[in-house]
2 protein chains.
Amino acid sequence: MSSCDLCVVRNRAICSALDPMELAALTAIGRTRQLTAGESIIWEGEDSVLVANVIDGVLKLSTNTEDGREQIVGVVYPSDFIGRPFGGTTGHGVTALTDAKVCVFSRRDFDAFAREHPALEHKLLERTLGELDRTRRWMLLLGRKSAAEKMASFLVEMTERLSGSSCRVERDKPNQRILTLPFSRQQIADVLGLTIETVSRQFTRLKNEGVIDLPSRREVTILDFDTLVAEAG
Amino acid sequence: MSSCDLCVVRNRAICSALDPMELAALTAIGRTRQLTAGESIIWEGEDSVLVANVIDGVLKLSTNTEDGREQIVGVVYPSDFIGRPFGGTTGHGVTALTDAKVCVFSRRDFDAFAREHPALEHKLLERTLGELDRTRRWMLLLGRKSAAEKMASFLVEMTERLSGSSCRVERDKPNQRILTLPFSRQQIADVLGLTIETVSRQFTRLKNEGVIDLPSRREVTILDFDTLVAEAG
DNA sequence: CGGAATCTTGATTATCATCAAGCGTCGTGG
DNA sequence: CCACGACGCTTGATGATAATCAAGATTCCG
């Protein structure tokens, strides 16, 4: 029995383009791998040797300047695809932010398989086009928004992305969302192009203004989503 | 006779995936269109009605905040593909920076054609993956680089992108490149996430330091490329 | 030649980075 | 179980960078 049959992202990942026979063939060239938080699976600048589907967890894509400044250029969630198919070197590292589970393929094997399965390539194309749209939208934030707008945009995005998974709703307060962020303060800074101190100050400001609450380091309660949207610019 | 036979980007654009018969079929659903500098062909937020190949000229992809700040999120050159295939709305406007010529398709027609021609979709996928890599590299610049680093990076990128076309070399000074920029100062600012004043000051600083010369508004002579690379961070 | 648009330059200010403590929290080992 | 230490976060003081505001200077075109 194919292990894919049990896969929780089976119907959302690019694998959904395949029929059972094809899926079995894909299973044959892939294997699952467990990652612990902080562990990297792809390093910036090395030539592309593997690609993968995210089954569980959250991972960051990041680049660094020579002198160590970091920019997180993407965040991937279950069912997302990582790695650079079709040659070239990987322009960014991939590191687990939480414990994670991925379904790994050798890039060469995957490339060959994909070229024989246009439906798979089509899914990958749609996914890549969507990722490009999302990335370009983020450029507006990085290039033109203030620290306050960046933080608000970040929290709005998180509210949308974590809906379902790391997001609780208290019985008696239906308008409040309690998010469990997969990011440290430093990582939020690296997403937004800010420093950790600025991020921290923005958090306390939003808390003092009653827009959010901060029950613990990694948790944020969204008290006034509309204000966040307005402040996101 | 198919007009594509005469197309100057025939062997570089995604069309190169097609054999003569297929190309004739593609020709049947496309038409060329001339754009004058400043003219837009796609607007941010509208639903995607057309896609195109760039035949000649340079165009910008840009997004704006509600209050009018602009960020250029991409620049496209001859043989590049523009527009958003496979549904969705376009996240950014597309505007000609120079007079330009494009080969336009209705998005619906193109989608249908692409789905029947996996080789075309493959080319488009490779192109989209490359564009995503490039875009992510630009995020490091927007999020983490200083004004000086941004300007140097910009000039390095321009030197590479304009090699051949808008780039002259004087007979007696083989190390110098004279670039004709397709951007105004404001547009450079919109690419780099800076203000026009900061861009102008960086230009004069580089000129005073002997790294570049500025023979006219739209021209830059690269006198010391290595220093630019070093300063790009 | 005139006028508008674009660009440069200067003065000032605001924002965010940097530097520097201090505080909490979590985990470990005594 | 508590003390200790490390790490991550917050807060404050100060400073640098780039934005803003405001004139001028060029260039471009009719």
Side-chain angles (χ1 to χ4, degrees), chain A residues 36-38 60 65 67-71 97-98 140-155 179-209 212-221 231 233, chain B residues 36-38 65 67-71 97-99 140-155 180-209 212-220 231 233:
Chain A
T36 57
K60 67 170 182 177
T65 57
D67 60 335
R69 287 168 286 176
E70 175 161 330
Q71 178 67 48
L97 294 176
T98 63
L140 179 63
L141 175 142
L142 289 175
R144 290 300 186 200
K145 291 191 181 178
S146 68
E149 290 171 324
K150 285 177 174 180
M151 272 301 293
S153 302
F154 172 77
L155 290 171
L179 311 179
T180 302
L181 302 177
F183 301 101
S184 69
R185 293 289 187 268
Q186 181 60 61
Q187 287 161 348
I188 295 171
D190 291 338
V191 169
L192 298 177
L194 296 171
T195 58
I196 185 173
E197 295 94 331
T198 300
V199 170
S200 185
R201 280 186 247 270
Q202 291 296 327
F203 265 124
T204 44
R205 179 184 62 80
L206 287 167
K207 183 181 170 181
N208 291 338
E209 292 172 357
I212 62 169
D213 195 20
L214 298 167
S216 79
R217 281 185 175 177
R218 291 285 185 131
E219 287 179 311
V220 182
T221 307
E231 225 175 286
Chain B
T36 56
T65 56
D67 60 335
R69 286 168 286 176
E70 176 160 330
Q71 178 65 48
L97 294 175
T98 63
D99 289 348
L140 178 64
L141 175 142
L142 290 175
R144 291 300 187 200
K145 291 191 181 177
S146 68
E149 291 172 322
K150 284 177 174 181
M151 272 301 293
S153 303
F154 172 78
L155 290 171
T180 303
L181 301 177
F183 300 101
S184 69
R185 293 290 185 269
Q186 181 61 59
Q187 286 161 348
I188 295 171
D190 290 338
V191 170
L192 298 176
L194 296 171
T195 58
I196 185 173
E197 294 96 330
T198 300
V199 169
S200 184
R201 279 186 248 271
Q202 291 296 326
F203 265 124
T204 43
R205 178 184 63 81
L206 288 167
K207 182 180 171 181
N208 291 339
E209 292 172 357
I212 62 170
D213 195 20
L214 299 167
S216 79
R217 281 188 175 177
R218 291 285 185 133
E219 286 179 311
V220 183
E231 225 176 287

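In what follows, chains carry the letters A, B, and so on, assigned in the order in which the sequence lines appear, proteins first and then strands, with residues in each chain numbered from 1. Just so it is clear, the structure is predicted and the values come from calculations on it, not from any experiment.
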(message) Just N and O in the side chain of B/T204: are any of them under 4.0 Å from OP1 or OP2 of C/dT9?
(response) yes
Item to complete: Considering just the side-chain nitrogens and oxygens of A/T198, establish if one lies under 4.0 Å of OP1 or OP2 belonging to C/dA17.
Response: yes
If each end axis of the helix from C/dC1-D/dG30 to C/dG30-D/dC1 is fitted on five C1' pair positions, the angle between them, to 10 degrees, is 30°
For [X] and [N], give me the distance from atom [atom1] to atom [atom2], rounded to whole Å.
X: B/L142; N: D/dA18; atom1: CG; atom2: P; result: 14 Å
X: A/K145; N: C/dC16; atom1: NZ; atom2: P; result: 14 Å
X: B/I196; N: C/dT9; atom1: CD1; atom2: P; result: 13 Å

For B/R144 and A/Q71, the nearest pair of non-hydrogen atoms, with its separation, is CG-OE1, 3.7 Å
Spell out yes or no: do the side chain of A/R201 and the base of D/dG12 have one donor N/O and one acceptor N/O closer than 3.5 Å?
yes
Quick check: any donor-acceptor pair below 3.5 Å linking the side-chain of A/E197 to the base of C/dC19? yes
Report the nucleotide, chosen from [options], that has the shortest atom-to-atom distance to any side-chain atom of [X].
X: B/R217; options: C/dA5, D/dT20, D/dC9; answer: C/dA5
X: B/R185; options: D/dT20, C/dT8, D/dA18; answer: C/dT8
X: B/S146; options: C/dA17, D/dT20, D/dA18; answer: D/dA18

key: Salt bridge flag under 4.0 Å for residues B/E231 and B/K145   = no
task: Carefully, step by step, assess B/R201 and B/E197 under the rule salt bridge (Lys or Arg N to Asp or Glu O under 4.0 Å).
output: CA-CA 6 Å; B/R201 279 186 248 271; B/E197 294 96 330; 5.8 Å; no
Determine, using ring centers only, whether B/F154 and B/F203 are less than 6.0 Å apart. no
Tested for side-chain contact (heavy atoms from CB on, under 4.5 Å) against B/I188, the lone hit among B/K150, B/Q202, B/M151 is B/M151
Worksheet item: Do any N or O atoms from the side chain of A/E149 and from the backbone of A/S146 form a donor-acceptor pair under 3.5 angstrom?
Response: yes
